[in-house]
Every structure is written in structure tokens, then in C-alpha cells.
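Below is one structure, written out as C-alpha cells, with a few remarks after it.
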Amino acid sequence: MYVRGTVAGEVEVRTVSTSYGESDLAEVPLRLEDDDSESEDASDQQPEYETTTVTLWNKWTESAKYVEPGMELLVTNAKEEEYQGETRYATTGDSYVVVEPTFLVNVTAIRNWVECPRLYYLNKLSGVPLNYPVVKGTLVHEVFGDLLRGRDLEESIDARVEERGLELGLLGETAEGVAEDVRENASAIEGWLEQGRLTEDDTETTTDDDSTQFSPAESSWRSEQLLISETFGIRGRADAVRRGSPVELKTGKNLKKEPRFKDKVQAACYALMLEEHGGSVDTGTLLYTKNSALDRNEETGDLTPAKDFSMGDGLLKFVVRLRNELAAMEIKGDVPTGYEGSAKCEYCFEQDTCMVVSGRLDQESKAGQIGQPIPADEREYFERFYRAIEEERREVHHEYAKLWEQDAQERADDDRALIDLEFVEKRPLEEGRWELRAKRTSGANSKIREGDFVLASDGHPVRGNSELATIERLDDEVVLTADEPVEVTRLDVYPSELTTDRLLAAMHDALLKGSDRRKDILFGRADPEFDTVSETFIDNNAAQNEAVTKAVGANDCALIHGPPGTGKTYTIARAIRAMVERGERVLLSAFTNRAVDNALEALLEQLEEHGEIDADRVVRVGSESGVREDMQPYRLERAGEPEDRVETLQNAQVVAATTATCGSRVMKEQAFDVALVDEAAQLTEPGTCAAINLAERFVLVGDHEQLPPVVRAENDLTESLFERLVNCHPDAGVMLDRQYRMNQRIQAFASREFYDGKLRPAEPAVAGRTLDDLEDVSRDALPENLQDSVAFVDVEGDSSQYTDSEEAARIADLIETYEAAGVERDDIGVIAPFRAQVSEISSHVPDDVTVDTVDRFQGSSQEVIIVSFTATGTLEGPIFEDYRRINVALTRPKRALVLVGDSNALATDPVYARLLEWANA
DNA sequence: ACTCTGCACAGAGGA
């Protein structure tokens, strides 16, 4: 039986004498999880939790040592015992004990941890930089997968090497040289596979007599299996599985008789998960592909690069204990010192790094410390942000947990899954992968888009057969590509820690690798300095001109505050052009792909008009699905001839990429004179660092009166670096004060409420904008209350919380009214605070009217905007409390704004009360 | 309480 609960008190470990001799035991007080939470008689009482004791025997006491009250604990195959009239539980010989099972540990993390816990920490902190052995290792793995899937060796090598052209180029490698290296390792694999076919009956059907080729399609092999364990809290991707047992490929050499211990541990992790998925695993195989023909026969007499080992119970349990140690340390927020393990520092490749990090952060470390610690305020900052980023990571883990905790319908309702697909077909592709097709049976929405990675499963993403797949096309039919054929009936969003990892590395790099001058600026110890620039860049807008002057003349940083419609994008483009003319190399970045492409578009227009550099010296780095269609010609293709790929990137004078991409291995090899970050108020501090780490000086452009960064957990990440620096270095900032969007009446409230009354129309034509300026539109045709540019429509509203059907109905009427007056439907936008209300309204109005949440409207504008407040009674709730959201909503229209809401509810909040007053004026 | 975009995945290795 299965026991799960929360540790309810101190754990006691002791030794007792039993009939088998001396044994260790740990008694853990446990508050059991209520597994019948369905009990519908919601008798308003707090559920009564049952508290019991679980006895962990022998080696499991090691895990008990890490356990603290409040942690979650799971025991499999436990036995029930009666003790003084009370039901208690204890481990049996078949039990596993799992600490914090929802903390999902990567297999590679466990592999690093067993080598040295501090190695695990360092790897997490700074990531692995671009280096040839790693890229080559990855290539050999890819070719191995291809071989298993039946692809021709030479074809696979050529294709895989070509795919990595850019990385190889950055490493100074040639395609031929790399292909030769990969071939050496891959031939060992190929030979072994063929031998295996002859002797081990891996292929069940008889092949044509003259075919010596391995034919995996009919075999008991599977390549690349993604495994997620809800019981053990482990996830990872096995290189291959042969007759249910894990096969791990290593590119290194190992002439010893036994596999390396950490390699065994890795294979054991996969074995655990395979067993959970219903298998029974008694062996593991490691393939050391550098053990070439020349090495055979010598000491060991081995004929193959493969080493099999038996997967004993003891090893599997040891692996779970390792995982427990890691999870417990992460939950406590402790930092490993290296003393936890037995590795010898003098043999470690990371010894120097370890000592430097320990020295700079003043951390206890087995390897010792080198150098001076960074200042105390920086260490405090590091700890604060480390914690915040780790909280974000926990949120990603919760996303994983939802894969098994929520049922399919719940996931679909959360827009995190597409369910009830009808499987159509699987088709092998030339390169050995599979194309999978399924039909959608409902029009349900989800956040899954083309180009996304998803978990494709035949029913359940964790318990069923599932595989990581790429969405190639998504309409009535879903077309996917994957390494293995899955009869897809369901797709789930695949949670990834990638962004979290990159944030952590960016913060690490900023603090430990950043220049002293940069850190003086970031920590407010020095004021930014500026060179005098006498050129006039923009002659009809003084604030924009000052912004460009500051951006160009900044020695450290410049901060451009751009309220709605003030020509931020144009100003950025002008500044970059000026920098390019001065011969500088510029990084253009922003949080979203959309913002990057917008800024890039404006820059290209500038360059075209005043062509100082070739457009082919402008490069957009990003994935194919992320980059907008019209920017694809500038997108850097990663595949190709290494030298050519690297030249294209190195020669680029302007590189545009999202901040997340700036944290990639390829981008981290690049250096710039200036980094210019747009929409910087929507970025977390570490997110901003990912971009500015790559440059000598930086310019941040944004508006902290609009929406802040999106974060999963409530923490220090919610304030942007932009906002902090604007307050810390007011002299480095410029506010663009003239807006080119809203007429005078519309902008008045936002200007007064959010910009100290400093925002004003750029010119009389903007101030006096009305609907009459539009072709075929006459304001006289509108009812009187709508003739003013700002109108309020009072609707009593219904009592439901996140929707309001009355408002939706009124909005539908309003749209008809505007249409009757000659306004085109696609000139009208409707904004609502909640997604539920967005769909409510969408069902009432024609398709070509844009209806969306405030958050998604940020960055765009429309002739007419209708805002649905969706609130009756009071305005309680986080969505209304953040006034920046209302700022965004009110500053989208150019010519007409209609506010639809319940005036009694609005009047309960002072800001909204002033809003009413303004709208009704 | 509600809002919600990124990134490609995880792991690849040196001795």
C-alpha cells in the first residue's frame, strides 16, 4: 500500500535490536493526505486530518535525516500495523521512500549530484558554455538515434553536422573534420548494432538474406524515450530503450571492465521510471563509443563498446536516496558545500570555478575559496534573486504535477491541453522521424501554438505512451513531428525550466563576471556618465532628440521612459542608426518576439531611408516559429556551412533577439558595444541582465506605468530593472512627453493620473482627432452620448464574478451603432479584464472586431476602444488593484473611448471614481 | 481571487 502525507513533527532516528540483529529506524509523524477529498458534504468545517506514524527502516533512515516538518513524504509498498490501538505504517523490503515527490529532479542533476553535490550547484548556476566535446557528444547522440530509427549512417552524419553549422563555426570547426570525428564514434555503434542483430535476436522478423543493415523498425528498440515519474519525482530522457532496459550512450573512452558509477546511476534513474511505467528492468547498458576496434581484445577481451550491468534493487534504492537528498536540500534552500559527497577536489574539472564562485560569494566549500568576496549588498542581492528564481522553478514543477493531478477535462479547461483528438495516421519521414496527424473534435482553445514543443500522448501524458513532439501545423487537423510514433489523442503543454535556468545564469554572470563599473551603476554606487553629443537627431521633438542624444552619448546607461504613443519605437530606431553610423555593434532586444520584430521593422525603415549599412548586416536570431513572417529574411539560419554561418553572425552590426535568446549559448559568445532593450518595464532584473551582460553599455526603453513583468510566483522579480534604475538614476532618464495617438480628451485622464500631467498631444492634429476624420464616418450619425470622444455607458451588470452578459450584450449593441455610423469593424477593439468575459463578448460580436484582455492589448492601438469593466458591487480583486492595467486600457484608442460598467461599483474606488468623473464630464 | 510570454526539449563531456 501507498502512504503519502506531510511530516507533522520532528523525526526521531534510533537503533533497535531485532531478531535480525541491530537495525536503524526513523519514526516520522505524518499527517495523511485525504485521498477521499471528493466528500461532497461541504460542511464548512476544516477537514480533519489523520495523523499517524511511519517507521522508516534501515537505509531509509538516511533520507529521514533530511526530512523536516512540513515536507511531503511518500512511502510505497508500506505495511499497516496496529500499535496500541492505533494504525501505523512501516517500510517493507519493497518500499521506496520519496521526499517531496512533487519536486521534479532531472536525471542529469542526479548524475551531477552523485559526482559532487557542489558540481550540481555550479552547473545550475552558470550553465555549460559552448565547447566542442559537448557539441560533438550531442551530435553522436543524434546520429545514434537516427541509426536506431533506420537512417543511413552517412546521411545522418551529414545532416546532423549541417544542422549545427552555427555552433560548429563559432567553435572554429569545419564540417568535414567534425563529420570525421562523429563517424569514428558512430561506426562503433553501427558495428555493435549489427552484431546485436545477429546474436541477440533484437530484430524479431527475418530480414532479406543479403541485407546486413540493422532494421530497427521491427525491433525491440526505442530511441529517445521521455520519462516522467510522479512517484519518484524524477524526469529525464533515455537515449534508448532495448527490450525494456535503458541504454546510455557515452562518447568518452572507458577501458575498465565496469561502467562508471555515475553512468550507472543515470541508467538506474531511467530504469526506475521504466519500472513505474509497467516494465521490469534487470539490466542496464552503457555504450562507450570511443572504445574503438583498436581497443578491443586488449585487457578485457571485450568485443564491443557496450557494457551491461545488472540493475540491482540496492542501486535503485540508492538512487532514490540521492534524489531525496537533493530535493530536501533544494526545499530548504541550502547550498551544497561539497562535503556531502566523497569526491576528491583535486581530480575535479570544475575545481577552479568552484573555488572562484565560493570565494566571490563567500560560500563554504570543500575546494576552498579564491579571491575577494563581492560586496555584502551584492551578496544579499544574489541570495534574494536566487530564491526568487528558485520559486519560479517550483512553479514550473507544479505545472508538471498538474499533468497527473488534473484530469484531462480540467487541463483542457485551463487551456493547457487539447484533448479528444482523433488519431489519423503516423507516417515515417525520410530522416527517420515520424509525422503524426490527428483531427480536432472540438473547437476548444488552448495556449498551444504552431512551433511549440508539446507532450503528445495516446491518452495520458505521464501514464500513457507519450513523446515530445513539435507542432508543425494546427488548424482542424494537428500535424506533429516526433522521434517515435505515438497514436496521438491528446496534447499537453510541455513545462520547461529553460527560462528559469537562463535567468539564474544571467544573474550569476551579471554579479560574478560583470565589470566593477557596471555593478557600481546597477547598485547605485556611481552615477552614469554621458559624453557630450552636439548633433541634432530629431528636430521636431525635443524629448525624443534628448533621448537619442543620451542613448548615443551614454558611457554606462540611458533610460528612456516612453508613455503610450510617444514614438518609442521610432526613437529607438533613430538611436540605433546613429550608433551604427558611429561604427558600433548593437544588440537590439526585448522580452517578446513581437516587440523585437516591431523595433527591428522600424530600424529597417530607417536604414532603408538613410542607408548607412547593408540590411544584410542586420541579423535576427530566433526560432522559425517565433520570428514574424516579414522578418524571416533577416533570420539567422543555424544550419549550414560552419564558416559561412559564423561569418554572417560575426559580421552583423545589429543583432536582434529576445532576452531569453540572449541567454543562449550561441548569443553568450557575442559581444556588443551597446545593448538596447525595448519594453524593458516588462522584464525582470535577471531577464534584462541576459541582454545587457553582452554589451559595454546599455539603453533601456519602457514604461513602468504600464504592465509589469509576468512572473509565476509573488517575489522580487515583479519589479523591473528599468523601474529601479529610473528611480535610482533620475538624471540618466528622459521621458518622451508628446504622444501621437490619442485626442486631447482621451489622453487627459492618463496624463494626469499616471504621468504627472506631463503627457501632451504631439501636435494640434493629434489633439483634435475625431471619428469624423475617418472615411465615410459621421459623428452626427451617433447617438448624442457617443458623440464625445470619451463616453460612459452605465450597465447595472449581473452578479457573476468574471463575466457579465449584460455588458456583453450592450457592447454588441454599441458595435452595431458604430458600424451604422460608418466605422469599420476592424477599427474597433474591445478590452475586458477577464478571459471569461473576453469569450462572453466574442460570442456576441462579429469576428472581425478584436476582443482581448488588457494584457494582450498592450503595445497596440485602435481607432475605437470599448472597455468592459465586468464588475458589480465592488472592485475587489488583483486585476483592478493594479492601476497600471487601467492605464493600458485607456490609452489604446485614437479617436473614441467607451467605458461600459457599473457606476456604483466603480465609485467605490477613488481612482475609478475619478475616472467616472472624467468620463461623464 | 486574475492576468500570462519566452525558450526550445535534456543532455551533451573532459580524465
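Note that these values count all heavy atoms, side chains included, but never hydrogens, waters or copies made by symmetry. Naming convention: chains lettered A, B, ... in sequence-line order (proteins, then strands); numbering from 1 in each chain.
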Electrostatic pair [X]-[Y], nearest N-O below 4.0 angstrom:
{"X": "A:D146", "Y": "A:R433", "value": "no"}
{"X": "A:R160", "Y": "A:E163", "value": "yes"}
{"X": "A:D492", "Y": "A:R416", "value": "no"}
{"X": "A:E705", "Y": "A:R884", "value": "no"}
{"X": "A:R111", "Y": "A:D263", "value": "yes"}
{"X": "A:E467", "Y": "A:R222", "value": "yes"}

Any base atoms under 4.0 Å from [X], or only sugar-phosphate, or nothing? Heavy atoms, all strands.
{"X": "A:R416", "result": "nothing"}
{"X": "A:F857", "result": "nothing"}
{"X": "A:R665", "result": "base"}
{"X": "A:P709", "result": "nothing"}
{"X": "A:G451", "result": "base"}
{"X": "A:F834", "result": "sugar-phosphate"}
{"X": "A:K447", "result": "base"}
{"X": "A:Q858", "result": "nothing"}
{"X": "A:N131", "result": "base"}
{"X": "A:R712", "result": "base"}
{"X": "A:V107", "result": "sugar-phosphate"}
{"X": "A:T592", "result": "sugar-phosphate"}
{"X": "A:F349", "result": "base"}
{"X": "A:Q682", "result": "nothing"}

Checklist entry - Is any side-chain heavy atom of A:R164 less than 4.5 Å from a side-chain heavy atom of A:T138? => result yes

Checklist entry - Parallel under 30°, tilted from 30 to 60°, perpendicular over 60°: which one fits the rings of A:H704 and A:F722? => result tilted

Checklist entry - When you compare B:dA12 with B:dA8, how far apart are their C1' atoms, in angstrom units rounded to a whole number? => result 16 Å

Checklist entry - Between B:dA10 and B:dG14, how far is it from one P atom to the other, in whole Å? => result 22 Å

Item to check | All stems with DNA chain B, defined as three or more consecutive Watson-Crick or G-U pairs under 3.5 Å | outcome: none

Checklist entry - side chain to side chain contact (heavy atoms under 4.5 Å, CB included) with A:T353: which residues, sequence neighbours excluded? => result A:E350, A:V357

Checklist entry - Does A:E624 CD have over 12 foreign heavy atoms under 6.0 Å away? => result no

Next on the checklist: Reading DNA chain B from 5' to 3', where do the contacts with chain A start and stop? Cut-off is 4.0 Å to heavy atoms.
Outcome noted: B:dA1 to B:dA15

